Amino acid sequence: MILDTIASLKVGVIGDVCLDIYWEADITRSTLSRETPHHTLPVVEERFSPGAAGNVAANLKSLGCSEVYLCSVIGRDWRGEILIEQLEKRQIDTAFLLASEDWSTPAYCKPIRVGLQMVKQEDPRIDFQNFRPLPGLEMSELSERLDAMMERCDVIAVTDQLRNGVIGDEIRRKLESWAKRGKIIVVDSRENIGMYAGIIVKPNEIEASRWIEPQMDFIDRPYTHWAGVAKKLSAAVNGPCCLTLGSEGAIWVNEDSCTFVPTLPAEPPIDIVGAGDGFASALLCALGAGSEGHEAVAFAHLAASVVVRKIGTTGTASPDEIRKARLSREEGQAR
């Protein structure tokens, strides 16, 4: 079974890492500030978890991979310190993580107001980010660390998420070179999905369309349209493409083959935050375990179906949870 083989995989993650911060504020305890005309947000609970590439690494560890390495750049700041603690708490190897005085550790801070009867509402997110490209010295060091990590890993996940992030042309060329040498690499990128070559790309329909047809709207597009987009993107990057369609399923394109892999919509309540990371991690693991493309997509659907049921956090999926999800899906299809 896929899960048994995953247990022997050594996996590397390269890309933008951030810290997710949750602040739950009990509004029933709020008071009017004496200094400003605003009511306070009394924080009663604070939670931290690795985000972006860190969440991908957490998903890979949760799936049961024997070793998970993370290669990225963080700042020498309080967020970086907490992030390292959270990664090591999850037994993620941080040996290839570079800390720099010239970089800020990205963070997504999510204030959540809690009212009467535990009704919750999330405020606008507060972001820490970088507003200039990664300095050249750090990029060169990151490239060297990537090579060292590659030597230890069977498969690689790439998270290209931030506008001013750690994935630049030098890293993309390095990834292409390793792919030519036989490494299985899966890329998840918000804005640069078409800038990779010879690598497996995993965009959603919006990310793929923005690269292939920037002026297109997303309303009521049939499967045949998305299959065409996936084929064009696959041709553009000269590699396989897994285009996800949310609750509808996903399309796997490799050379001349194009396969639609459906999924079952999850019943509410659900939280889609982190579902893409869970899907990409499971896809990579299944491919690393020797699965065919369409089989890996079906396995990734199971992992994502577990993640979306974890409310208020960027969840992960364990082997036991995936087994239960598989049994539940088989029972549902048998009815």
Side-chain angles (χ1 to χ4, degrees), residues 11-18 52-57 60 69-74 96-98 100 102-103 106 129-204 206-212 214 229-244 253-255 276-277 279-281 283-284 287-288:
V11 189
V13 182
I14 170 79
D16 301 316
V17 64
C18 77
N55 187 47
V56 172
L60 292 164
Y69 303 93
L70 179 59
C71 183
S72 187
V73 184
I74 60 172
F96 302 106
L97 204 58
L98 172 64
S100 171
D102 296 322
W103 197 244
Q129 53 186 294
N130 293 279
F131 296 96
R132 58 183 176 81
L134 185 68
L137 185 62
E138 279 76 3
M139 183 63 76
S140 296
E141 175 65 22
L142 182 69
S143 181
E144 292 178 6
R145 294 189 180 208
L146 174 59
D147 279 335
M149 185 178 74
M150 284 285 194
E151 295 286 357
R152 297 191 187 186
C153 297
D154 302 309
V155 294
I156 302 292
V158 182
T159 301
D160 183 359
Q161 182 167 315
L162 302 177
R163 183 159 294 180
N164 287 299
V166 304
I167 303 292
D169 291 339
E170 181 178 347
I171 297 298
R172 293 189 186 99
R173 287 193 296 270
K174 185 85 64 170
L175 291 168
E176 180 183 0
S177 174
W178 278 100
K180 288 179 179 177
R181 293 161 65 177
K183 289 289 185 184
I184 296 175
I185 304 173
V186 172
V187 175
D188 198 351
S189 175
R190 288 188 175 176
E191 297 185 2
N192 305 312
I193 198 67
M195 295 182 69
Y196 294 84
I199 297 171
I200 303 164
V201 293
K202 186 222 73 71
N204 60 31
I206 297 175
E207 293 159 348
S209 295
R210 283 177 175 168
W211 190 268
I212 299 299
V229 170
K231 289 176 181 178
K232 289 178 182 178
L233 183 57
S234 177
V237 302
N238 191 31
C241 172
C242 177
L243 192 155
T244 60
V253 175
N254 187 16
E255 297 179 343
D277 293 339
F279 183 98
S281 301
L283 177 73
L284 174 67
L287 292 171

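Keep in mind it's a predicted model, so treat the numbers as computed, not measured.
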Asks: Would you give the length of the straight line joining atom CZ of Arg132 to atom CH2 of Trp103, rounded to the nearest 0.5 angstrom?
Replies: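 The distance works out to 7.0 Å.
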Asks: As a test of understanding, state which of Val56, Leu70, Val166 forms a side chain to side chain contact (heavy atoms under 4.5 Å, CB included) with Val17.
Replies: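 The passing option is Leu70.
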Asks: Could I get the full list of ring pair (Phe, Tyr, Trp, His ring centres under 6.0 Å) partners for Tyr196, not counting sequence neighbours?
Replies: none
Asks: Side chains of Tyr69 and Arg152: does their closest heavy-atom pair fall under 4.5 Å?
Replies: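 Side chain of Tyr69 against side chain of Arg152, heavy atoms only: contact under 4.5 Å found.
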Asks: NZ of Lys232: more than 12 outside heavy atoms within 6.0 angstrom?
Replies: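 Incorrect, the count does not exceed 12.
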Asks: Can you confirm whether Leu162 sits close enough to Pro106 that some side-chain heavy atom of one is under 4.5 Å from a side-chain heavy atom of the other?
Replies: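 In contact.
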Asks: Quick check: closest heavy atoms across Leu233 and Gly194, and the distance to 0.1 Å?
Replies: CD1-CA, 4.2 Å
Asks: Report yes if the side chains of Met195 and Trp211 come closer than 4.5 Å at any heavy-atom pair, otherwise no.
Replies: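 Yes, their side chains come closer than 4.5 Å.
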Asks: I want to check something: taking the side chain as every heavy atom from C-beta on, are Leu284 and Val11 in contact at a cut-off of under 4.5 Å?
Replies: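 Leu284 reaches Val11 side chain to side chain.
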Asks: Specify the closest pair of heavy atoms between Arg163 and Glu191, including all atoms of both residues, with the distance to one decimal.
Replies: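 Closest approach of Arg163 to Glu191: NH2-OE2, 2.9 Å.
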Asks: What pair of heavy atoms forms the shortest contact from Thr159 to Ala52, and how long is it?
Replies: CG2-C, 4.1 Å
Asks: If you compare all heavy atoms of Ile156 against all heavy atoms of Cys153, which two are closest, and at what distance to 0.1 Å?
Replies: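 So the minimum-distance heavy-atom pair works out to CD1-CB, 3.7 Å.
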Asks: Can a donor-acceptor pair be found, under 3.5 Å and without considering hydrogens, that links the side chain of Ser72 to the backbone of Gly15?
Replies: yes
Asks: In Å, rounded to the nearest 0.5 Å, how long is the span from CG of Leu98 to CD of Glu138?
Replies: 6.0 Å
Asks: Rounded to the nearest 0.5 Å, how far does OG of Ser177 lie from CG of Leu146?
Replies: 10.0 Å
Asks: Under 3.5 Å, side chain of Ser140 to main-chain N/O of Gly136, donor-acceptor pair present?
Replies: yes
Asks: What is the distance from atom CG of Asp102 to atom CG of Leu137, rounded to the nearest 0.5 Å?
Replies: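 If I round to the nearest 0.5 Å, the distance is 8.5 Å.
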Asks: Do Ile199 and Val237 have side-chain heavy atoms sitting under 4.5 Å apart?
Replies: no
Asks: Of all heavy-atom pairs between Ile167 and Asp16, which one has the smallest distance, and what is that distance?
Replies: N-OD1, 4.3 Å
Asks: With rounding to the nearest 0.5 Å, note down the distance linking CG in Asp188 to SG in Cys242.
Replies: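 It is 10.0 Å, given to the nearest 0.5 Å.
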Asks: Atom CD in Glu207, atom CZ in Arg190: separation rounded to 0.5 Å?
Replies: 7.5 Å
Asks: Which heavy atom of Gly239 sits nearest a heavy atom of Ser234, and at what distance?
Replies: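 Smallest heavy-atom distance, with atoms named: O-OG, 2.6 Å.
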Asks: Give the intermediate values and the outcome of side chain to side chain contact (heavy atoms under 4.5 Å, CB included) for residues Lys202 and Phe279.
Replies: CA-CA 9 Å; Lys202 186 222 73 71; Phe279 183 98; 3.6 Å; yes
Asks: Should Arg145 and Glu141 count as an ion pair when the cut-off is N to O under 4.0 Å?
Replies: yes
Asks: Determine whether Asp154 and Ile184 make a side-chain contact, defined as any pair of heavy atoms from C-beta on separated by less than 4.5 Å.
Replies: no
Asks: Is the shortest heavy-atom distance from the side chain of Glu176 to the side chain of Ile185 under 4.5 Å?
Replies: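 A side-chain contact is absent here, since even the closest heavy-atom pair is not under 4.5 Å.
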Asks: Side chain to side chain contact (heavy atoms under 4.5 Å, CB included) for Glu151 and Trp178? Distances and angles first, verdict last.
Replies: CA-CA 10 Å; Glu151 295 286 357; Trp178 278 100; 3.6 Å; yes
Asks: Mind running side chain to side chain contact (heavy atoms under 4.5 Å, CB included) on Leu175 and Ile14 for me, showing each step along the way?
Replies: CA-CA 10 Å; Leu175 291 168; Ile14 170 79; 4.2 Å; yes
Asks: Quick one: are Cys71 and Leu142 in side-chain contact, heavy atoms under 4.5 Å?
Replies: yes
